[in-house]
Amino acid sequence: MTDTRTTDTVASAGQSPDVDQPYAELGLKDDEYQEIRRILGRRPTSAELAMYSVMWSEHCSYKSSKVHLRQFGDKVPETDAMLVGIGENAGVVDIGDGWAVTFKVESHNHPSYVEPYQGAATGVGGIVRDIISMGARPLAVMDPLRFGPADAPDTHRVLRGVVEGIGGYGNCLGLPNIGGEIVFDESYLGNPLVNALCVGAMKHDDVHLASAKGVGNQVILYGARTGGDGIGGVSVLASETFDADGPAKRPSVQVGDPFMEKLLIECTLEVLGAGIVEGIQDLGGAGISCATSELASNGDGGMHVELDKVLLRDATLTPEEILMSESQERMCAVVQPENVEAFLEICKKWDVEAVVIGEVTDSGRLTVDWHGEQIVDVPPRSVAHDGPVYERPYARPDWQDQLQADSAAKLARPQTGEELRETLLRLVGSSNLADKSWITNQYDRYVRGNTVLAQPEDAGVVRVDEETGRGVAISTDCNGRFTKLDPYKGAQLALAESYRNVAATGAVPLAITDCLNFGSPEDPDVMWQFEQAVTGLADGCLQLGTPVTGGNVSFYNQTGEAPILPTPVVGVLGVFDDVDRRTAMSWESDGDQIYLLGETRDEFDGSEWAHVVHGHLGGLPPELDLEAERQLGQILVAASRDGMITAAHDVSDGGVAQALVEMALKAGTGARTWTPDGIDTFTHLFSESATRAVVVIPRSEELRFTAMCQARSFPCTRIGVVDSQLDGDNQLLEFGDDFTVSLNELRETHTATLPNLFA
Amino acid sequence: MARVVVDVSLKPEILDPQGRAVQGALGRLGLEGVADVRQGKQFVIELEGELDQEQRAKLEELAGSLLSNPVIEDYTVSINESTDSGSTAGAN
Amino acid sequence: MARVVVDVSLKPEILDPQGRAVQGALGRLGLEGVADVRQGKQFVIELEGELDQEQRAKLEELAGSLLSNPVIEDYTVSINESTDSGSTAGAN
Amino acid sequence: MSARIGVVTFPGTLDDIDAARAVRIGGAEPVNLWHADEDLAGIDAVILPGGFSYGDYLRCGAISRFAPLMTRVIERAHEGMPVLGICNGFQILCESHLLPGALARNDGLHFVCRDQWLRVENSNTAWTTAYSPDSEILVPLKNGEGRFVADDYTLDQLEGEGRVVFRYLRGNPNGSYRDIAGICNENGNVVGLMPHPEHAVEDLTGPSLDGVGLITSVIENYVAQESFA
Ligand SMILES: Nc1ncnc2c1ncn2[C@@H]1O[C@H](COP(=O)(O)OP(=O)(O)O)[C@@H](O)[C@H]1O
Ligand SMILES: [Mg+2]
């Protein structure tokens, strides 16, 4: 595109119907192009083509996933909590006392592979703007991450960049990072996952929606100037696979400016607080195309934009590029004419540039002018909401049976105490189970002074209301190996684990968000995994009573023909009436009793042990009874409410052994533990059966607590006692007669792994 | 001894928030007419002895991979070999 | 248009951990004989029109107060005025 | 009347609400100040909080130092008003030359967020009288450019005059010269430190309550002055 070219106007499109258009290069299929011609009754102008191509990309239109995602709307559990559901920038739930909370997780996977620092940074920036555009003050962020093997050279590059990007952006923006995940697996080597979650809060009255209502109202674009960033990024970066030797296309990447984003937060909250905003929308993927068409489509149906009013960073941009640009840190607001001046004044106070670019009309059309000539005239719904919908073929892969038949039962298990000890140390130091503080210590968890729990606790907990202590807990989880073995069950296990983590802190689980990371939807195997996972998640949410408030789908996560492990990351939000009663993970006092809640079965398929020791993946994931999961949650919440326990920690990857080690190391205090009757030590320590937690109970509460579990017929087994005196000052963790290990040795092993690899 | 200076700057089309912040500050502090500011990095590398062909090639390669990120940055390498008789300059 | 380049570097006596890290990496990646690396900043400032005396003085002042911190950094200013006939360079 | 302690917000300041909360918990009245104001609103003391003012682009604190309000803060600091700079605020005080030295990139090159032990080396400054001499306190630390540097002459002078107010204990997190975490001016009314006492004022959210002492110190001194007045 050169600037000597004449502008392709709506009028000229009528006069030259047969011009060849590069729709294929823009990612549109033949029939999609024909559909656009049908909608418009003529060929699209190049600006219209740009708009449709980005908005009809997989990333923006959900064309492959829509038919399945409908289940989230069809299988909604009964709840009063949902104030705004799926379809808005982020869902909103009621947490009581007039407070509403909005939260959402999104992916920035492909950009983070190309340019890890900026990819991850702008991922954080994007999700934060989704939260502000609902009218909420962002409270905290989380970052579920997946990388290739920890010792692979490219992981070094990607991980360091991603972590610095998340820290660099989040720290500078002033949002505490309260949790996330870091998982290493071969399948993510050429395709890391960078998901980012943000949670925000507002009073019920302050909820804002993205709609352009009120004919004559002005459309204001504010924030950073529009540049050539990530042009085509939406369709190219987010929707196309890389070949073996790197990205096929290397469009200019987006660069984040967290300082501008901080100003944007404060400025936006101030204009919203002043009551002078009718509708508001963030600019993310597809930039102005997306914001204007969505605002118009959700509002009175018409909007007129004068594109040459847009403030540019690069004067040579063409109108098509301006429409598609993904420059970061921009927002769009709809404002009554008499309030425009006040709006601009507040922007000025915050050094934020703002300009009126258009107005709401009753034409039912979205029209865009460029230097007085009309270059876009489309029905906004056709761009924003009525994109193509695909029923992609899917089928249970023919390798699935074989995979499930290949159980871990045949693998050699440690027999002697010495072998068990070695196994424990090997797992504790393995990359997935090792201490992650080398990473999380690069994130500010204190800023804003409301962080009650942060990593490595089971869930992040933030106070929302300083007067009452009302607050929320959030955890994100997914075990991609389980999901590969059985995507339906795996997605439910992700939900269950996240639910359990939230309940472990004492919060009442309320609602979820999800980020569905999968391979190519054009592969029927992958599409089957996706369909199964969505169905599993929807069914699970129905059963647990936690509605899906929103989320994100990321397809095409694969290297060549090899897709990533199916990774439906689930984020569960729970509520506290008062965060003061939160339960932390580490024990405190000598003599406190250590109990295991739930039942341990011989379940090693897909386990961390099978992965680390044998490099094995096969069989069936652990059994899951969601009713039991709900009961466990109730017990954990009741125990927190009634002050019966001093600590709780969920049992998942690495089993009871890992849970005990983490609790002991956090406390710096040892314990005597043993293997309960009727089970062997290996299974007790390393099985990954679901629906379990370790809790710590002062002697004075023991009867009351065990009676509560008995009354609910929930298994509850004493497995140890906190003991700081096993060996004088040398703190030990004792595992019955089998073996003991000092906390010093555990700490050394647990903490050395990541710094050795990445520092 | 050879002194090599590698200047690394953001590609012109890439947003430079640091440069923007400096531009704002220069204006507020009374410098008029500032049209643009870009902030880059400069590496000053001292090498022992004379540079051989291999080192030159290696330097060029590392400037474009380690010292700069080709996705968003450009670089220039200039080499100054100081001998007893003085110094010469060259840029790539 | 005038183009002014301000180079800012840490004073030699101040430890430069970034430079040290780069030095280590250059060595590991096969560049032999690296005796020292220092990492500095470079500001490229575009000014409209010709530079007058006042602007030059202001630039010099701001290079030493805003753009660098005299407690730990040194700076140099070089001005390139591009006129139709070409360009000249000067350093302070 | 309780002491009025100003808390300045620059564009990009992040820990202003935290500092205001600490002031409240300590028993004084927080007064929000905006960087572009020229009036100190009758405050008795002022805190420059942490964050990334102007994104910390260019150099931490370099741009904020020139804010209109800073001119007034500098004047009043010379007249003896208690001024506390935390993290980015400390950087601004150094850039303003109210305090000597500078804060450079951490030697580990990473942002570090952790709980940090400090020794209160000088309990006679406007902000530290509530601490007993040599007391050890635990407060969060979080910065990427927190390495205190100065020339030997300045360092010797700071040590000799007892102007090292806080020193890192049990591990220097960023390579600060002589483990210095915080310093003061000659009069002891201007104090700057990298760690964040305002994050150690509530059991619920901090590792200790050790940060409250800075606020109670300045209140004590204020009350003492009032009773003389
Ligand atoms: N996996 C999912 N689960 C639930 N809702 C989803 C999922 N993926 C997308 N959605 C919802 O679809 C809507 C459109 O998503 P998206 O286009 O990503 O929004 P935005 O552009 O604001 O980020 C949002 O409400 C989002 O929450
Ligand atoms: Mg959005």
Side-chain angles (χ1 to χ4, degrees), chain B residues 1-10 12 16 18-52 54-68 73-78 89 91, chain C residues 1-10 12 16 18-52 54-68 73-78 82 89:
Chain B
M1 284 297 267
R3 159 175 298 216
V4 179
V5 178
V6 180
D7 288 326
V8 174
S9 59
L10 280 173
D16 176 8
Q18 313 203 58
R20 225 189 74 110
V22 172
Q23 184 174 350
L26 288 172
R28 280 195 300 279
L29 294 177
L31 183 68
E32 318 237 307
V34 181
D36 189 33
V37 179
R38 308 284 290 175
Q39 180 171 339
K41 284 182 243 182
Q42 185 172 64
F43 299 92
V44 181
I45 304 169
E46 307 273 356
L47 287 142
E48 276 150 18
E50 306 258 304
L51 280 187
D52 58 26
E54 201 183 324
Q55 275 175 312
R56 281 169 192 266
K58 196 81 203 167
L59 259 172
E60 190 64 37
E61 173 205 328
L62 291 174
S65 56
L66 175 74
L67 299 182
S68 68
E73 292 170 326
D74 293 327
Y75 69 92
T76 60
V77 179
S78 27
Chain C
M1 285 296 267
R3 157 174 299 214
V4 179
V5 178
V6 180
D7 290 326
V8 174
S9 59
L10 277 176
D16 174 9
Q18 310 197 68
R20 222 180 33 183
V22 170
Q23 183 174 350
L26 288 172
R28 279 193 303 280
L29 294 174
L31 184 67
E32 317 239 308
V34 180
D36 189 34
V37 179
R38 307 285 290 174
Q39 179 170 339
K41 287 182 239 183
Q42 183 171 68
F43 301 92
V44 180
I45 305 169
E46 308 270 357
L47 288 142
E48 276 150 19
E50 307 256 304
L51 280 188
D52 57 26
E54 201 182 323
Q55 275 175 312
R56 281 170 192 266
K58 195 81 203 168
L59 260 170
E60 190 64 38
E61 174 205 327
L62 290 174
S65 57
L66 176 73
L67 298 182
S68 67
E73 292 170 325
D74 294 326
Y75 70 92
T76 60
V77 180
S78 30
S82 56

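Bear in mind that the values here come from a model prediction, so they are computed numbers and not experimental data. Quick note on labels: first sequence line is chain A, next is B, and so on, each numbered from 1.
Between the CD atom in Gln18(C) and the CZ atom in Phe43(B) there is a gap of 8.0 Å [rounded to 0.5 Å]. For the atom pair Leu26(C) CG and Lys58(B) NZ, the distance stands at 10.0 Å (nearest 0.5 Å). Annotation: the span from Gln42(B) atom CD to Gln39(C) atom CD amounts to 10.0 Å, rounded to 0.5 Å.
Between Leu31(B) and Leu47(C), the closest side-chain pair of non-hydrogen atoms falls below 4.5 Å.
When all heavy atoms are compared, the tightest approach of Ala35(B) to Glu48(C) is CB-OE2, 3.7 Å. Looking at every heavy atom in both residues, Gln55(B) comes nearest to Glu32(C) through NE2-O, 2.8 Å.
With a threshold of 4.5 angstrom between heavy atoms, Leu66(C) approaches chain B through side-chain atoms but not through N, CA, C or O. Looking at Leu51(B), there are no atoms closer than 4.5 Å to chain C (heavy atoms on both sides), in backbone or side chain.
The residue from Leu67(C), Ile45(C), Val44(C) that alone fulfils the side chain to side chain contact (heavy atoms under 4.5 Å, CB included) condition with Val37(B) is Ile45(C).
Annotation for Arg38(C): atom CZ counts as buried by contact number, over 12 foreign heavy atoms lying within 6.0 Å.
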